[in-house]
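Notes follow once the structure below has been shown.
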Amino acid sequence: MTKKLIAMVLAAVMLAGVLTGCGSIGTVQNTEPAAQNTQATEDNSNKSQITVATWDGGLGSKWLEDAAERFEELYKDKSFEEGKVGCDISIIASRSFDGSGMAFTPLTHDVYFVEGVDYYAMTNNKQMEPVTDIISTPLSEYGEEETVLNKIDPVMQEYLLAADGNYYAIPFYETFYNFSYDLDLWDAKSFYMAADGGWTNASGSLTAGPDGVQGTSDDGLPATFADFEKLLTRIKDAGVLPFVCAANATDYVANFLYEYYANYEGKEQMNLNYTFDGVATDLIQVDEDGNVKKLPDTQITFENGYELQQQAGRYYTLKFVENVLSKKDNFKIIDTHINAQKSFVRGGIANDQPIAMILEGSWWENEAKDAFNDLADNGLERHNYAVMPKPHATEEKIGQKAAWLSQSGSYGFVASASDNKPLALEFLRFLHTNDELSHFTAEVNITRPLSYTVTAEDQSKMTTYGKSLLTLKKESDILYPYANELGALNNPQLFWSYGWAWLTDVNGYEYRNPWLYFMEVEDASSEAYFNGQKKYFEMRWDAVL
């Protein structure tokens, strides 16, 4: 734990790509900007009051407003401070609440739910109030026996435990970068892979999919990269655009590829990148002609951690980019993520070309509410989307349990400058009861990186897409890409977000996004990119240690 005594201030640029629906790099704010209060207020001078600030992006604020009403009703007769009874919770939602600048900003609200947070910079700057007591005490007053702490994955528990033995925040939402596909279009155009080798609709005889098991949710979907390439040809032959992505969110693609790399490695091998403790069993060498040589099993410690840059999952993901994702007739780049979402949901309406998939973070459907509302005004509603299960690099991998990275960097916390900490802490605690976590998921149709059950009633309110995320979590290994090693914590430019996955040196030039590399470099090759990765880190490792 002593390694966490060192103050670590992540560069704002390293936080790019973890902001929900922002697309581009957030600007560091020197002072906390004013924001719009989303709730009408009345004279509540006889009640205890707090304000709760949240990033007004892909999640919106309705989930918080509804929770605040339930909390106010539950505690209408309780006194949180002398001379006052009950409470008034004001929700402040704004896109100005950018976590990447908060380590350098006086906090003027009581509770925050924000993203792109530099957790250790903020704790070292004493901006967060300890939450150890409220998350370590059983939620008995809410009818639960367990604690909030027990709902947090052990990997995240270790990361959040500061040197003084306290926890200062609770993980907020989680993001799985993915292809989301249109089930109605798949059915109408017979984009499902048939067991006889042809194509069929949803009611046909389907292949077993990536999990290799008939009768599961991935039936009829591509099991391998080769299958996926065949699918894209089928889609284009039908006059449909395979997928869209956003020019202001190319970092989404790099994070998406990070997910594919993790899926190849699987839980045990991928976790070596965060624990630096274990035996790497699939390290490879690749020559310039693409000939692959398997290397001996290697004991990994942090001292030789750069050896993980030779994991096979990196190379096969790069080949997927080179052979499939970088082919310009497979996609369309649209200026902003919002417009990409609009194009996707409007696909096939009027003169718009149908679009099969969108490459996005798992919040996208909730963020696209305005686009759906526009369609609803015309009597058209299309909420029948799902996460595309990831195909495997090779047939040998079919049946391996899917691995997904829970990416976000978002947290809920109480500001140490709060004037009403008892109320603020209790509200934060209330939001992490099972019922409130379930309500959250039903409202925004994404998940939180915590252990909880979404009730049957709440599931009935969710979209097909939201339910597919529940299936993803249930059927997959969920990994938390957080390294606690001092060298990793002190070198965010190398380890933060997808940097560790994709930083490379090719002919003296640094790259960190494989998709952009293949799009922009005329003689780009997977072999050159892959071989540059170990070289890039090995040259810097003495400084990391």
Side-chain angles (χ1 to χ4, degrees), residues 177-245 253 256-257 259-260 263-264 316-317 319-334 340-341 343-349 351-360 364 382 384-399 402 464-465 468 471-472 515 518-519:
Y177 290 89
N178 65 89
F179 273 136
S180 299
Y181 70 108
D182 183 336
L183 277 74
D184 293 332
L185 185 67
W186 243 248
D187 194 39
K189 298 288 188 179
S190 293
F191 287 161
Y192 290 99
M193 307 189 83
D196 63 6
W199 302 92
T200 185
N201 58 24
S203 60
S205 177
L206 306 175
T207 59
D211 68 2
V213 179
Q214 291 282 358
T216 56
S217 61
D218 68 355
D219 287 1
L221 297 173
T224 64
F225 289 172
D227 287 345
F228 190 83
E229 195 166 1
K230 293 176 185 176
L231 171 64
L232 295 191
T233 299
R234 168 73 176 178
I235 289 171
K236 289 182 287 187
D237 287 347
V240 176
L241 178 67
F243 72 92
V244 292
C245 55
V253 186
F256 168 87
L257 297 175
E259 293 277 12
Y260 273 57
N263 194 56
Y264 181 96
Y316 289 111
T317 300
K319 295 300 292 185
F320 182 57
V321 183
E322 180 179 9
N323 296 334
V324 181
L325 293 191
S326 63
K327 303 302 182 185
K328 294 185 179 180
D329 61 342
N330 285 335
F331 62 89
K332 181 177 180 181
I333 301 176
I334 297 176
Q341 293 164 4
S343 295
F344 182 52
V345 302
R346 282 191 57 85
I349 297 172
N351 295 320
D352 290 0
Q353 182 184 20
I355 301 171
M357 297 174 286
I358 186 169
L359 194 159
E360 258 278 12
W364 81 266
R382 300 186 55 195
N384 203 21
Y385 302 96
V387 173
M388 170 74 70
K390 289 180 286 190
H392 297 291
T394 63
E395 290 186 359
E396 289 74 20
K397 289 284 185 177
I398 294 174
T464 304
Y465 179 74
S468 77
T471 299
L472 181 158
W515 190 64
F518 282 106
M519 294 285 289

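Position 1 is the first residue of the sequence; numbering continues from there. Bear in mind that the values here come from a model prediction, so they are computed numbers and not experimental data. Just so you know, these numbers use all the heavy atoms, side chains as well, and skip hydrogens, waters and symmetry mates.
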### Query
Going through the distances and angles, do Trp515 and Phe256 end up as a ring pair (Phe, Tyr, Trp, His ring centres under 6.0 Å)?
CA-CA 10 Å; Trp515 190 64; Phe256 168 87; 9.9 Å; no
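Across all non-hydrogen atoms, the minimal contact from Glu229 to Asn323 is OE2-O, 3.7 Å. Here the closest heavy-atom approach between residue Met357 and residue Leu232 is recorded as CE-CD2, 3.9 Å. Nearest heavy atom pair, residue Thr471 against residue Ser217, reads CG2-OG, 3.7 Å. For the pair Ile334 and Ser343, the tightest heavy-atom approach, listed with the atom from each and the gap, is CD1-OG, 3.3 Å.
Listed for the Lys390 side chain is no donor-acceptor partner under 3.5 Å among the backbone atoms of Ala402. Using a distance-only test at 3.5 Å, with no hydrogens or angles considered, a donor-acceptor pair links the side chain of Gln214 to the main chain of Leu206. The closest donor-acceptor contact from the side chain of Ser468 to the backbone of Val387 lies under 3.5 Å. With hydrogens and angles disregarded, no donor-acceptor distance shorter than 3.5 Å links the side chain of Asn263 to the backbone of Glu259.
A search for side-chain hydrogen bond (donor to acceptor under 3.5 Å, both in side chains) contacts involving Thr464 returns Asn384, not counting sequence neighbours. Under the ring pair (Phe, Tyr, Trp, His ring centres under 6.0 Å) criterion, Phe320 pairs with Phe225, Phe228, Tyr260, not counting sequence neighbours.
In this structure, Tyr192 and Trp186 have perpendicular ring planes: the angle between them is above 60°, well past the 30° mark.
Side chain to side chain, Asn330 and Lys236 meet the donor-acceptor criterion of an N or O pair below 3.5 Å.
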